[in-house]
Every structure is written in C-alpha cells, then in structure tokens.
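Below, each value reflects all heavy atoms present in this structure, side chains not excepted, and no hydrogens, waters or symmetry copies. Each ligand, and each atom within it, is numbered from 1 in the order the structure gives.
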Amino acid sequence: MSWVDPWLRGSLLALSRSESFKRLAVRLPMTASVVARFVPGETVADCLAAVRSLASEGLTATIDYLGEDTTTPEQAAAIRDGYLELITELSAAGLCEMAEVSVKLTALGVGLPEGRELALGHAREICAAATDAGTTVTLDAEDHTTTDTTIGILAELRREFPETGAVLQAYLHRTPADCELLSGAGSRVRLCKGAYAEPDEVAHQTREEVSAAYVACSRILLAGDGYPMLATHDPEMIAAVDELARQLGRAPGTYELQMLYGIRSDEQRRLAASGERVRVYVPFGTDWWGYFIRRLAERPANLAFFARALFGR
Ligand code: FDA
C-alpha cells in the first residue's frame, strides 16, 4: 500500500463491486494491455509459459486460478476443477518442484449457505491432488470477516496435508497473535501487508503503522520454527527482513521472499541472482477484475495510468 489515501482506496475497492463499471471497463481495448502487466493470460497455457519464463531466471511461482466471491455451488465446483486441471498440467510439464498453488476460499464457495463444508471439501481435493503431484497449497487472505474461517479451515487441512500454508495480513491488529499461533515447526506462512479496505477497529491505517506491524510480524515468524514467506515489494521491508534473518540466524533456504507477477520484476531477478529464494505470485484466468482493481488501489501511479487508458488522455 504505497500510499493511496484510505478514502480513495476504499472507494475504488467498492467500485470494483459495481457490475456496470466492470462491464464498461472490460470492454475498452486499453484495459487488456493494462491488465496484462499483472495477469499473464487467461489460460493454463498462458500461465505455464509465464512460470517457465520465471524458472529460466531462477524464480519459483505460486499460481492463483483467479476467482473470488463465488455465488453458486456450480461456480465453486468449476473453480475446484480449474485447480485440479492446473495441477495435472503442472505435473505433466514437470513444474511441480518450482510451482505451487494459491487458493481463495471464497472462490471455493465459503461464503455460500453451508459454504464452510463445501469449501473445505473442495480445498481437500485440491490439497490431495497437490500432494500427489509433489507440490503445495497456500490459502490466500481475504477481508477480515473471513480470517477466523480461513485459519479454522487451515487447521483442518493441515491434519491431513501438513504442508498447507496460509497468508496473514500485517495490517490487522490480530495478526501478531496469529503469527505466534502459526510459527511452529512445519507451518508455512506468507506475510503480506494486506490489500482490502478495512476499518480502524480491525486494521492499522497509516503507512508507518503498517510497516511497523510488518516488521514485528516478520520477527515473530523468523524467530519461530516454521517456514516464513515474506511477501512484499517494499525495499524497506525487504531490508528489514534481511537484517532480521541475519540477527535470528536464519540460513538461506529456510525462508523466502515473494512478490507479485509484473511488480518490480527487475528486483525479483536481482534478489534471486544474489542467492535469495524468490517466489512470484502468478494469477491467471478470465475472472481478473477483483485482483486487478486491488493492484490499482495499491499505487496512485497505476490509477493515473488506468484512468488515462479509460478516458483516452
Ligand atoms: P508497498 O505497497 O509499499 O509497495 C512497495 C513498492 O512496490 C511500491 O513503491 C512500488 O514500487 C511497488 N508496488 C507495490 N504494489 C504495486 C502495484 N500494485 N503496482 C505497481 N507497483 C507496486 N494481500 C491480501 O490482502 N491477501 C493476500 O492473500 C495477498 N497475497 C499476496 C501475495 C504476494 C506474493 C504478495 C507480494 C502480495 C500479496 N498481497 C495480498 C498484497 C499485499 O497485501 C499488498 O497489498 C501488496 O503487496 C503491496 O504492498 P507492499 O508490501 O508491496 O508495499
């Protein structure tokens, strides 16, 4: 979050739920070229091509089959099937060692009536396929109303699939306690700043507060026995993680840095070349709208670029 006024961010994220704005924006030819910066394509083949290209530069990947806020059980089953196909293709391409998958539980139907069991069932099938193929699954973090459910489902999945990971968002006041809870041996936690518009009661609002929380949470994870995955593009956070890892005696390979596809790509390559383990989050699919709007909301320059594309100036 660098640093967009919280009101503007909130308005933009709210606008992302407007069907009429979405219909207008996705029809404009310029939208596709702006989206392509963040989403390498709509098909599994596009995604595999991006993953291969990252691998050639020493980068690993985590793949998000785009979808969220599913409204029917059929949609949830289709997302599950998309992941199962993706894992089959990753395995056939021999890419399971360097690519895992990231999953949003709302895409698997957790928000539907009786959705918890539905999403858990689908997530189990995805974890089982990933385990058979020799790769792992990480549960994405969505807005704060979903955090308890996500952590509960994580605990159930880890009984059968101990390598299942989850994302924690440093901006939430609760996250230091969640980091403590998930810092034990075998735990895989991706720490990010947080991308949703959240109220004061649950989340830090200023850049300084979020940065301080990010460093504090990184410290808890790096001091623990799990496998921390520090997801940030922020040079200050990367330097802080580096320093903490040194202080806490974390050897290279016992944690990793993560960034999003298309953001600070040169830095991703530079860090990998310097010996850091770096993983890139690669989203693909036709349902890119919500993901794309969150990337715009993170950075004023993206907003200006998209506005110029939209209004032809
Ligand atoms: P910050 O926003 O300060 O950015 C630092 C610098 O990075 C900027 O100055 C700019 O150079 C560059 N940058 C960052 N964002 C950019 C953008 N959108 N476009 C262009 N440049 C940009 N969030 C969430 O709520 N749930 C989740 O599950 C995840 N998952 C996730 C996985 C991974 C691998 C990453 C890297 C991030 C997420 N996020 C996420 C998003 C995260 O919460 C956060 O919104 C972004 O990473 C931006 O925060 P930074 O830490 O990068 O700092």
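Heavy atoms of Arg207 approach ligand 1 to within less than 4.0 angstrom. At least one heavy atom of Arg37 sits less than 4.0 Å from an atom of ligand 1.
Under the 6.0 Å distance and 45° angle rule, Arg158 does not count as a cation-pi partner of Phe161.
The part of Val167 lying near ligand 1 is the side chain, judged by heavy-atom distances below 4.0 Å. Contact annotation for Met237 and ligand 1: no heavy atom of the residue comes within less than 4.0 Å of the ligand. Proximity of Arg299 to ligand 1, defined as any heavy-atom pair under 4.0 Å, is confined to the side chain (atoms from C-beta onward). Using a 4.0 Å cut-off between heavy atoms, Arg294 makes no contact with ligand 1 at all.
Using a 4.0 Å cut-off between a side-chain N of Lys or Arg and a carboxylate O of Asp or Glu, Asp234 and Arg264 do not qualify as a salt bridge. Salt-bridge check for Arg270 with Glu57: failed, with every basic side-chain N at 4.0 Å or more from each acidic carboxylate O. A salt bridge is absent between Lys104 and Glu142; no separation between the charged side-chain nitrogens and carboxylate oxygens falls under 4.0 Å.
Close contacts of ligand 1 with Gln258, meaning ligand atoms under 4.0 Å from a residue heavy atom, involve 34 (C), 36 (C). Close approach to Gln169 involves these atoms of ligand 1, each under 4.0 Å from a residue heavy atom: 24 (C), 25 (O), 26 (N).
Every ring pair (Phe, Tyr, Trp, His ring centres under 6.0 Å) that Tyr65 has, sequence neighbours left out, goes to Tyr83, Phe284.
Nearest residue to atom 53 (O) of ligand 1 from His233, Glu142, Lys193, His144 is Lys193 (criterion: closest heavy atom). The heavy atom nearest to atom 39 (N) of ligand 1, out of those in Ser102, Cys192, Ala166, Ala141, is found in Cys192. Residue nearest to atom 31 (C) of ligand 1, selected from Asp234, Leu168, Leu260, Asp140: Leu260 (by heavy-atom distance).
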### Query
Step by step, would you call Glu156 with Arg116 a salt bridge (charged side-chain N to carboxylate O under 4.0 Å, His left out)?
CA-CA 12 Å; Glu156 291 194 47; Arg116 190 183 187 285; 3.0 Å; yes
Which donor-acceptor pairs under 3.5 Å do side chains of residues 217-230 form with protein atoms, sequence neighbours excluded?
{"from": "Ser218", "atom 1": "OG", "to": "Tyr214", "atom 2": "O", "distance (Å)": "2.8"}
{"from": "Tyr227", "atom 1": "OH", "to": "Glu256", "atom 2": "OE1", "distance (Å)": "2.7"}
{"from": "Tyr227", "atom 1": "OH", "to": "Arg277", "atom 2": "NH1", "distance (Å)": "2.9"}

